[in-house]
Enquirer: 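This structure is in structure tokens; I'll ask about it shortly.
Reminder, nothing fancy here: chain letters follow the sequence lines and each chain counts from 1. No hydrogens, no waters, no symmetry mates; every other heavy atom, side chains included, goes into these values.
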There are 2 protein chains.
Amino acid sequence: MADGRSSSAQSGENLLFLTDEQLRQGIEAMFFAYRGFTADPDRILSDMAYGRAHHRAVHFINRAPGTTVNNLLNILGVTKQSLNRVLRTLIEDGLVESRIGKADKRERHLFLTEAGRALEQKLSDAQRARMRMAFRDAGPEAVAGFRTVLEAMMDREMRSAYSRLKDSGT
Amino acid sequence: MADGRSSSAQSGENLLFLTDEQLRQGIEAMFFAYRGFTADPDRILSDMAYGRAHHRAVHFINRAPGTTVNNLLNILGVTKQSLNRVLRTLIEDGLVESRIGKADKRERHLFLTEAGRALEQKLSDAQRARMRMAFRDAGPEAVAGFRTVLEAMMDREMRSAYSRLKDSGT
DNA sequence: CTTGGAATGTCAACAACACTGACATATGCT
DNA sequence: AGCATATGTCAGTGTTGTTGACATTCCAAG
């Protein structure tokens with residue numbers, strides 16, 4: 001690996017795109033792109049008392065209305081204390097509604113209110129606009145590759161969470 | 001847009017991959033993948049008194065040895081106070097060396113020490129291992145698409161910073 | 001040579017967001 | 001009745017980011 005060639009790039013296959021240099025470029029692309037990815041919603045949120053964590057909560061509640069706190073916890077990968085701080089402010093501010101479960105009364109099912117949906121729209125419109133431009137500039141084949149690589153990069157649990165969400169969409 | 005079809009997907013072109021549903025999947029893929037992307041270095045760093053910010057600083061100093069503080073500031077996109085806190089600990093701990101510029105003595109040129117290079121190796125080995133697996137699983141064409149989309153997603157300034165780094169590599 | 005501005009460093013205060021640990025409450029299940 | 005689960009809450013801590021203010025050093029222009 002000291003020669004800058006990945007240890008996987010041995011046998012005569014066409015694996016030259018696995019040189020350390022190529023990998024490093026992928027890493028840096030990921031870093032810079034993620035900054036762009038979050039930039040627009042962050043700008044909107046900075047004017048309010050909310051941050052990226054609120055955005056994520058609102059996004060996934062909108063995505064899966066009625067989801068439980070525990071489910072959201074697993075998707076977001078944070079502690080319940082961390083999520084609770086965010087949910088509390090969202091509920092206080094009337095953006096999220098928490099309903100006690102019918103089958104299991106310990107569970108809280110989360111829904112966006114009208115105001116919550118409005119914020120979600122505003123944030124995801126901004127984020128989608130950038131994604132749309134990137135997708136349009138890159139073309140369908142590049143987009144397919146993009147998704148393939150990202151999926152391969154996820155942790156296993158996150159990949160299945162992602163697949164579940166993906167399949168439930170439309 | 002209320003019909004779930006992107007406003008860009010009007011004229012008869014093949015732009016169905018720009019539906020809001022497709023864009024949302026891209027957004028979620030980005031979110032979950034970035035978690036995987038940072039997971040391994042984060043795990044290593046959590047045992048030390050360092051975090052993701054230290055990783056980023058060490059990465060880019062290694063990438064462009066002798067870079068100035070101001071240059072690093074622009075690449076990382078944080079305030080000098082924030083970067084300075086990180087750099088100070090790295091210098092105190094003997095991972096980074098700060099040399100006063102010869103041409104312009106106001107500038108500080110940053111270099112990794114032997115220990116700094118060791119940490120950088122450890123962190124980037126972990127990150128590259130995941131990237132390598134993802135690239136290998138996805139294949140060269142997917143990787144090309146991945147890079148194309150990420151580049152299109154960057155802010156303009158970040159895109160040029162990325163290109164400069166990319167071109168300087170090998 | 002003086003002055004203005006640029007590059008850097010430092011101090012203080014603060015906010016967002018994550019963490020751990022401990023504990024309380026209500027509920028479900030055996 | 002007793003244990004496990006789901007949720008909420010309090011207290012403390014750490015990392016990373018922010019502003020604002022100010023000092024130092026040095027280059028460059030007048």
Enquirer: Can we say A:Glu21 and A:Arg24 salt-bridge, meaning some charged N sits less than 4.0 Å from an Asp/Glu carboxylate O?
Expert: yes

Enquirer: Should A:Asp125 and A:Lys122 count as an ion pair when the cut-off is N to O under 4.0 Å?
Expert: no

Enquirer: Under the side-chain hydrogen bond (donor to acceptor under 3.5 Å, both in side chains) test, which residues partner A:Tyr162, sequence neighbours left out?
Expert: A:Arg147

Enquirer: Within the structure shown, what part of the strands sits under 4.0 Å from A:Thr68 by heavy-atom distance: base, sugar-phosphate, or nothing?
Expert: sugar-phosphate

Enquirer: Using only atom types and a distance under 3.5 Å, with no angle test, would you say the side chain of B:Arg117 pairs donor to acceptor with the backbone of B:Asn62?
Expert: no

Enquirer: What's touching nucleotides 20-28 of chain D from the protein side, N or O pairs under 3.5 Å?
Expert:
{"residue": "D:dG20", "atom": "O6", "partner": "B:Gln81", "partner atom": "NE2", "Å": "3.0"}

Enquirer: Could you label the plane-to-plane angle of the A:Phe60 and B:Phe31 rings as parallel, tilted or perpendicular, counting under 30° as parallel and over 60° as perpendicular?
Expert: tilted

Enquirer: In residues 47-62 of chain A, which ones come under 4.0 Å of DNA chain D, going by heavy atoms?
Expert: none

Enquirer: With respect to the phosphate group of D:dT7, does any side-chain polar atom (N or O) of A:Asn70 fall under 4.0 Å of OP1 or OP2?
Expert: yes

Enquirer: For A:Arg88, enumerate each residue passing the side-chain hydrogen bond (donor to acceptor under 3.5 Å, both in side chains) test, keeping only those at least two apart in sequence or located in another chain.
Expert: none

Enquirer: In terms of relative ring orientation, are B:Phe37 and B:Tyr34 parallel, tilted or perpendicular, with 30° and 60° separating the classes?
Expert: tilted

Enquirer: Could you check whether B:Asp20 pairs with A:Arg128 (Lys NZ or Arg NE/NH1/NH2 to Asp/Glu carboxylate O, under 4.0 Å)?
Expert: yes

Enquirer: Can you give the first and last nucleotides of DNA chain C, 5' to 3', that have an atom under 4.0 Å from a heavy atom of chain B?
Expert: C:dG5 to C:dC11

Enquirer: Checking A:Thr113 side chain against A:Leu95 main chain: does a donor-acceptor pair fall under 3.5 Å?
Expert: yes

Enquirer: Both A:Gly101 and B:Arg85 contact DNA chain C. Which one's nearest nucleotide lies toward the 5' end?
Expert: B:Arg85

Enquirer: Side chain of A:Arg52, backbone of A:Pro41: donor and acceptor closer than 3.5 Å?
Expert: no

Enquirer: Of all residues at least two apart in sequence or in a different chain, which pass the side-chain hydrogen bond (donor to acceptor under 3.5 Å, both in side chains) check with A:Asn74?
Expert: none

Enquirer: To the nearest Å, how far apart are B:Leu83 CG and D:dT19 P?
Expert: 15 Å

Enquirer: Measure the distance from CG on B:Asp42 to C1' on D:dG14 and round it to the nearest whole Å.
Expert: 14 Å

Enquirer: Under 4.0 Å between a side-chain N or O of B:Ser82 and OP1 or OP2 of D:dT16?
Expert: no

Enquirer: Using whole Å, report how far CG of A:Leu72 lies from P of D:dA6.
Expert: 15 Å

Enquirer: When all nucleic acid strands are considered with a 4.0 Å heavy-atom cut-off, which category describes A:Arg88: base, sugar-phosphate, or nothing?
Expert: sugar-phosphate

